[in-house]
Amino acid sequence: MKYLLILGARSDLARALARRYASEGWALMLAGRDKPELERDAADLKVRYQVPVSVCMLNGLTTEGHASFYANLPAIPNGVICAIGLLGDQTVATRDEEHAQLILATNFNGCVSLLGGAAKLLAERGSGFIVGIGSVAGDRGRKSNYYYGSAKAGLAAWLSGLRNSLAKTDILVLTVKPGFIATKMTEGLKLPPLLTAQPDEVANDIYNAVIKGKDTLYTKWFWRYIMLIIRHIPEAIFKRLSL
Amino acid sequence: MPERETTETLGGWGNYPLVQAKKHSFTTHSELLEKLQTLNQYIPRGLGRSYGDSALAPHVVSMLHYCRLISFDEETGILCCEAGTSLADILNVFVPRGWFLPVTPGTKFVTVGGAIAADVHGKNHHMAGSFSNHLVFLDLLTPDGEVRSCSLQKNPKLFQLTCGGMGLTGIILRAAVKLKPIETAYIRQTSKRYADLGAVMNAFTEKATNTYSVAWIDGLARGRNLGRSILFCGEHAKRAALNPRRALNPLNLPRKRKLSIPFNLPFNCLNPLTVRTFNFTYYRTAPTKEKTGIVDYDSFFYPLDNIGHWNRLYGKKGFTQYQFVLPLESSHEGLKQILARIARGGEGSFLSVLKLFGKQDGILNFPREGYTLAMDFPIRTNTFKLLDELDRMVLDYGGRIYLAKDARMSAACFREGYKKAEAFLEGKRSHDPHGQIQSLQSNRLGMDE
């Protein structure tokens, strides 16, 4: 049986990923902070897909305790997906240093520490996959969310380095760059419907990208081209825009 | 980053009325309690398939993200789930494992909570009763913040108030429903046409031992053709009845292509001319001798679910569905008069459905023994006048109107039709003394005074 470890398993995207993999017969390990809710999620997955699901306690906000977290996993995973993320509020972050640090720590430090641990674990066996969730917001800093964006940019750079270091092994490192997704994170935002993906669509894209062995996935697919254009706007012009 | 939105335009399935409302979502119990603390008044809302204003209010609490399955007992078929779980979801998971809903309405896109709140019925009402007859228990969050487990044994009064209570007694959080075993995902269907109302009503009585029965009725036929119908009966097909290809995989249906109406059509394309043509052809092509065939459960129970947003066919003014039930003894005479009145108006409905109900207990739930007729009416200038006239006729024959379809009846019509309305309101007041749960419908029907 193949095991998938999902870090930050309570997010809407993580839950969609859990459903997608469970529907293919994968056993799941759900890691997060809210044990009672994770157990309810686990019960749901077990009833629906009749696969083994376990719950592991994890605090992604600190970088401590991650070694023992991996040591105590019920099984060595074949794949690890980190769906930890915090959109935060840019305007709050500009005046409240604590909130700014929380955005950076959640989206970068926490993810890097956890995925570093995952890489060590998979390296022992020499195969598997690691998925980190970046964001199109990390492709270029914009005034509306550059704390979030810069942390995601850092994560993407780190994943690129990890991929480089594992290139000679059988371990896949996938960087996912989603655009808008209709989730709790974006609830109440006026998202453009044509550009907005449902969590299930993104989960399906990720599932397929892992099978195909891709390095970077933009989802929905057209974000690759939107961001290609945005990245190529000269800074002298870009700095005056409100995108 | 896009801005946060404050309100959105919400309607029921009939797209009438449409109102500005704020929708509040949650995925966990603690999130729900947090949201409710900020709200003075609200109404819970599921998939929005009630036709009128049952699930409309300035603040609606959306149950759609509260949709986890909790447990399933393979021995008894008892499924426990969160109330935002849709019937479609349940079918997708459990039909391949040999289980089916004990009662299902004409769409699978309703939530379990919504099915309880409207106490929906199906084509097997005469055999199986309504949805709530198959509940083992439900958990209700009452306005005082307590979660109460309710069943026929425990808190029976609150249980009865809640089944068919239109969400007005509290938020249904979880429910356990007993699924029924099936051998295949197919239905053995018989169909036959009947020349008039008397003939189809006789057929309903004769076929009362069939698990499922429902008639399509030509709402435009007049004179000696009045009430001409096609009666469809069904049984869950045994594996032996399937052709060899289907019998290999009897519980899984091949994938079907789904159509969708992308936007409100600029005009109502279900007008008297198109409907008359359709009705004539549909009736004429139906068999005069009983015909038997095997159809998949989707085609039998949910023919319209395969067309996404079919409500948009009625154009942007929307439509209303008129469904009433008459007592058995006055059904024949009442239906004759009412059908004649509708046919005279020329506003024949595209989808008119006749069904014989069996016995039913309850407080505010709709079914009672007798015949029920459901018809769609596009919203036009004279529609409401006609419907008011029909209300009077329905009440005079001792009938009542289905709250889940209603968008326009008067408070007096409600009181007269629902003999136990006062008992319901008394019960509601005792659990919701400050009137925190209100819908536009409960306001209109004078339930909050």
Side-chain angles (χ1 to χ4, degrees), chain A residues 10-12 14-16 18-19 22-23 32-50 53 87-93 135-137 142-149 179-180 182-196 198-200 242-243, chain B residues 1-9 21-35 38 59 61-62 64-74 77-86 88-99 112 139 173-174 176-177 179 262-263:
Chain A
R10 282 247 73 234
S11 78
D12 290 341
R15 295 173 72 199
R19 290 193 293 273
S23 74
R33 276 177 295 175
D34 190 342
K35 192 161 187 218
E37 289 302 334
L38 283 172
E39 289 191 333
R40 290 188 189 111
D41 289 346
D44 172 74
L45 293 161
K46 281 189 242 179
V47 174
R48 271 173 208 273
Y49 303 106
Q50 301 172 293
V53 185
L87 182 57
D89 187 320
Q90 174 71 25
T91 43
V92 176
S135 168
V136 293
R142 290 169 304 128
K143 64 184 173 190
S144 58
N145 64 353
Y146 56 86
Y147 281 97
Y148 177 76
F180 299 130
T183 64
K184 252 184 297 182
M185 192 193 253
T186 57
E187 196 194 352
L189 293 176
K190 284 182 190 157
L191 299 180
L194 285 178
L195 297 184
T196 305
Q198 293 303 313
D200 286 336
S242 300
L243 282 172
Chain B
M1 264 294 116
E3 292 162 41
R4 299 258 161 199
E5 58 198 328
T6 47
T7 62
E8 60 186 295
T9 306
K22 173 96 178 106
K23 194 151 90 184
H24 306 268
S25 300
F26 66 98
T27 59
T28 67
H29 191 74
S30 50
E31 274 172 41
L32 171 63
L33 293 182
E34 248 170 65
K35 294 249 156 107
T38 66
H59 292 274
V61 175
S62 169
L64 293 186
H65 296 295
Y66 199 63
C67 55
R68 288 171 293 192
L69 307 183
I70 297 165
S71 63
F72 182 66
D73 184 334
E74 303 274 355
I78 294 175
L79 168 70
C80 181
C81 62
E82 292 175 341
T85 308
S86 72
D89 200 8
I90 293 175
L91 292 168
N92 284 338
V93 174
F94 291 102
V95 169
R97 282 147 80 172
W99 297 94
V112 168
D139 285 346
L173 294 175
R174 287 171 288 275
V177 58
L179 304 184
F263 45 80

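Protein chains get the first letters and strands the later ones, always in sequence-line order, with residue 1 at the start of each. Below, all heavy atoms of this structure are taken into account, side chains as well, without hydrogens, waters or symmetry copies.
- Heavy-atom minimum distance, A:A43 versus B:I70: CB-O, 3.8 Å.
- Neither the backbone nor the side chain of B:S30 comes within contact range of chain A; no heavy atom of the residue lies under 4.5 Å from a heavy atom of that chain.
- With a 4.5 Å cut-off on non-hydrogen atoms, A:Q50 touches chain B through its side chain but not through its backbone.
- A distance of 10.0 Å separates CZ in B:R97 from CZ in A:R48, rounded to the nearest 0.5 Å.
- Taking the side chain as every heavy atom from C-beta outward, A:R10 and B:T27 approach each other to under 4.5 Å.
- With sequence neighbours excluded, the residues forming a side-chain contact (heavy atoms from CB on, under 4.5 Å) with A:K143 are A:S242, listed by chain and number.
- In this structure, the portion of B:F94 lying under 4.5 Å from any heavy atom of chain A is its side chain and not its backbone.
- Residue B:L69 comes nearest to A:D44 through the heavy atom pair N-OD1, 2.6 Å, listed as atom of the first residue, atom of the second, then distance.
- Contacts of B:C81 with chain A are absent, with no heavy-atom separation under 4.5 Å from either backbone or side chain.
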Quiz item: What do the steps show when you test B:H65 against A:D12 for side-chain contact (heavy atoms from CB on, under 4.5 Å), and what is the final call?
Solution: CA-CA 10 Å; B:H65 296 295; A:D12 290 341; 5.6 Å; no
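- Residues meeting the salt bridge (Lys or Arg N to Asp or Glu O under 4.0 Å) test with B:R68, sequence neighbours left out: A:E37, A:D41, B:E82.
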